[in-house]
Amino acid sequence: MSEVRFFNRELSWLEFNARVLHQGLRKELPLLERLQFLSIVTSNFDEFFQVRVASLKRLLNDNPSFVDVSGLSTQMVLTSLSVRAHQIMRTQQECLMSDVIPALAAEGFVYVNPMQYTQEQTDFLQGVFKSEIYPLLTPLRTDMEAFPHIKNLSTYGAFMLNPIAGIKVGSEELKGSDDLPRIAFVEIPGGLQNVYWLPTSNNKTKQFALLQDIVTAFGTLLFPGFAVEETLLFKVARDADFAVDEDSGSNFIHAMEDVLIQRKSSFPVQMTCNETSATILKYLMEKLELGEQDIYKVNQIIDPNDLMDLRDVDNAGKMSFERWEHFYPADLPEEEPYWDTLKLHDKILHVPYESYDPVVKFISDAADDENVLAIKMTLYRTGRDSPIIAALERAAQAGKQVIVLVELKARFDEERNIAWANELEQAGVTVIYGLKNLKVHAKILMVVRRENDTIRRYVHLATGNYNPKTAKLYSDISLFTANPQIANDATQFFNLVTGYSTLQNMPTLGMAPVTLKSRLLSMINREIERSTPENPGLIIAKMNSLTHEAVIAALYKASQAGVKVLLNIRGICMLVPGVPGLSENIRVISIVDRYLEHARIFYFQNAGTPELYCASADWMSRNLDRRIELMFPILEKAAFDDVKSILDTYFADNSNAMELQSNGSWESVTCDDNAEILQAQSVLYKKYKALNDSRPKSEQVQFEVRRK
């Protein structure tokens, strides 16, 4: 019997979403945080169906006989993922409707569905509907020659109509069709609030209705002369797995805009709906060409994200996590630029425990410093209203050389990045639109500054995007340095990605798709060669996903040679741990907690001369073979010890950690009865809080008021 050497990628991802769901099921967590995790499950599924399931359906059509490295055919994968995804969504819905919604009611926030509206509430909501909602609605009839377009991921109300006897249009009485139901759609407006508070006579509770329900409850007003016999709420996910044709020779931005247009009208992949009308559902399935396995039924609420408006209620705090601050680093000056500090030592920044303000300040200081000659950086996802963009524009307008590589192919951020690119160009920034056939996913910033009679370069390298908003939610690590070796490599990197330079030797930075993978494999092999029974090798790595077959094969070889391998993998893991003779020395854990784990950290023991790296890249084929990525070393001892301590903390977690079993299941990591319970993110927060509390406080001047 042959052993399974690889888990299927898509099925592994589903287990990641199940781990997110697990957090929503934990009754000991604050109520709104549980709701947040349930909402993330839905958001994750939306992207999964648009991208991964769509690509599988296309693969099944193009190559029906394809079998992946896990030994599964595409049809087997689609069938298995449908079964598992339905299980996850059913559990999510049961938790939402039978646990979280009643728990909210116990806290005084009561969800009222249309069947429960009192007369007073009906009158109130009808007034809201007529004045605020009705003007935004556009009914779409379905008996026209062309079936109406259903937008990707928009929620719709569907209405099955029957003419009211005796109602005439002109001289003709309205009549229904004997063959087809008369059905109309209405898109639920996206620009309105989702929660509407209801009048109630009970002062101890606050009752609320949802926008989706209000539209279906008063939909009759949209169709004068017709009675609404049945309704259905639904949302369709469409194929979003498009790649721009980079060989077309056309304007690249125009080609990207064409991709965005295609995404809006691509083929349907999946539908979420409630269970109120079998007739409408059957009609939609026929028109959208969806099978039973593509339909995901919910009790009432199409998207739990609609309930997140409840975070704005007065006493939401007691139903949420305790607020954690984002501490300004104790070893960085708040008022002065960092130039003198970075000449003395490197600085590690660990967000969101530490504030992202130093990155913004670093760029802003560079923009305003008359001695700064140039700023060069990559932008992948920057977010809205970015102060980083404003600083770059200010620098260009001040006459500095500003070079920005904007990756237009960052999925689902393409439109925003196109807008940023245009705005930066108008401000005088030199914008590079990525590289042909490669996504630029590296996170690097270099400032070139004139100091006395020399030129000095300051570099910032990161595991996460230059996005101040996600930096409050994602756990990432970055390095500020003036190290000349790193600066030399950074200069070569920018020359390579912006011009015609061929790759020169870069001794400190590993760059995908050229040297990063080979360096990783070389370091794994070095660990094998230097491992002995008395002093076994050790590899510790933290990343988002592990799918690269060559890297997994190397890790298997390391395990067989006695090397201990500890992996912390948030999402997909195709490696099978704990198999005798193959991977018994490999342990895989995963942590899902209040912050999204996003940092990539790699440690190699190297027979007592350890090396530590951070990177923008996961150990995936797309990162190591098809993207521009950077891996950077942590060279200074203090910085090394700091990052190694962070890495070790994740493997001490016995509160939120789950461990991957050889059969593909995940089990919670538990501790002995007398052992201390450790939650990695809580340990890290307390660490940075202690550093902040120990920071010398400036003396306050006391003023004494003299009185008679």
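Please read these numbers as outputs of a predicted model, since none were measured by experiment.
- In this structure K542 satisfies the salt bridge (charged side-chain N to carboxylate O under 4.0 Å, His left out) test together with E597, sequence neighbours excluded.
- A side-chain donor-acceptor contact under 3.5 Å links N585 to the backbone of S559.
- Contact detail for A561 and S531: the closest heavy-atom pair is O-OG, 3.9 Å.
- The closest side-chain donor-acceptor pair between Y603 and Q605, if any, does not fall under 3.5 angstrom.
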Side chain to side chain donor-acceptor pair (under 3.5 Å) assessment of S545 paired with D618: CA-CA 6 Å; S545 295; D618 293 311; 5.0 Å; no
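- Ring pair H326/Y595 is tilted by interplanar angle, where 30° to 60° counts as tilted.
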CA sep, side-chain torsions, deciding dist, call: L405, V440, side-chain contact (heavy atoms from CB on, under 4.5 Å): CA-CA 8 Å; L405 195 155; V440 180; 3.6 Å; yes
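- One side chain, N544 or R570, offers a donor N or O that lies under 3.5 Å from an acceptor on the other.
- In this structure, T481 contributes its side chain and D346 its backbone to no donor-acceptor pair below 3.5 Å.
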Show me the donor-acceptor pairs, under 3.5 Å and distance only, between side chains in residues 546-558 and residues at least two apart or in other chains.
unit_1	atom_1	unit_2	atom_2	d
H548	ND1	A550	N	3.2
H548	NE2	D625	OD2	2.9
Y556	OH	R5	O	2.4
Y556	OH	V576	N	2.9

Candidate pair R530 and N535, rule side chain to side chain donor-acceptor pair (under 3.5 Å), full reasoning: CA-CA 9 Å; R530 298 185 179 184; N535 295 293; over 6 Å; no
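- With no hydrogens or angles considered, a side-chain donor-acceptor pair links S616 and E629 at under 3.5 Å.
- Rounding to the nearest 0.5 Å gives a distance of 9.5 Å between CZ of F632 and CD1 of I444.
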Salt bridge (charged side-chain N to carboxylate O under 4.0 Å, His left out) evaluation trace for E611 with R526: CA-CA 12 Å; E611 294 179 358; R526 183 185 64 188; 3.1 Å; yes
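- In plain terms, the two heavy atoms of P352 and Y474 that are nearest each other are CD-O, 3.2 Å.
- Between Y356 and F362, the distance from one ring center to the other does not fall under 6.0 angstrom.
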Worked check of side-chain contact (heavy atoms from CB on, under 4.5 Å) between L479 and I486: CA-CA 11 Å; L479 169 71; I486 292 178; 4.2 Å; yes
side-chain contact (heavy atoms from CB on, under 4.5 Å) evaluation trace for L520 with W619: CA-CA 9 Å; L520 286 174; W619 291 355; 3.2 Å; yes
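- A salt bridge does not link K644 with D641: none of the charged nitrogens is closer than 4.0 Å to a carboxylate oxygen.
- Heavy atoms only, all atoms of each residue included: R627 and L438 are closest at N-CD2, 4.0 Å.
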CA sep, side-chain torsions, deciding dist, call: C614, R600, side-chain contact (heavy atoms from CB on, under 4.5 Å): CA-CA 6 Å; C614 293; R600 292 90 166 185; over 6 Å; no
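- Of the N and O atoms on the side chains of S621 and R626, not one donor lies less than 3.5 Å from an acceptor on the other residue.
- Using cut-offs of 30° and 60° on the angle between ring planes, the pair Y458 and W339 is tilted.
- Atom CD1 of residue I601 and atom CG of residue N568 lie 8.5 Å apart, to the nearest 0.5 angstrom.
- In this structure, F480 and Y338 have perpendicular ring planes: the angle between them is above 60°, well past the 30° mark.
- For Y688 and W324, the gap between ring centers reaches or exceeds 6.0 Å.
- Shortest non-hydrogen contact noted between V592 and F16 is CG2-CE1, 4.3 Å.
- Counting all heavy atoms, side chain and backbone alike, P633 lies closest to L509 at CD-CD2, 4.3 Å.
- Atom CD of E451 is surrounded by more than 12 heavy atoms from other residues, nucleotides or ligands within 6.0 Å.
- Counting non-hydrogen atoms of other residues, nucleotides and ligands closer than 6.0 Å to NZ of K564 gives a total of 12 or fewer.
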Verdict with reasoning, K343 to H345, per side chain to side chain donor-acceptor pair (under 3.5 Å): CA-CA 6 Å; K343 276 180 249 182; H345 62 82; over 6 Å; no
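- Side-chain atoms of N656 and D593 form a donor-acceptor pair, as typed in the model, at a separation below 3.5 Å.
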Verdict with reasoning, H460 to S478, per side chain to side chain donor-acceptor pair (under 3.5 Å): CA-CA 7 Å; H460 177 262; S478 62; 3.0 Å; yes
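- When the options R394, K361, R456, R449 are evaluated for a salt bridge (charged side-chain N to carboxylate O under 4.0 Å, His left out) with D369, the one that passes is R449.
- When the shell of 6.0 Å around CD of Q485 is examined, it contains 12 or fewer heavy atoms from other residues, nucleotides or ligands.
- Shortest non-hydrogen contact noted between I634 and A639 is CG2-C, 3.5 Å.
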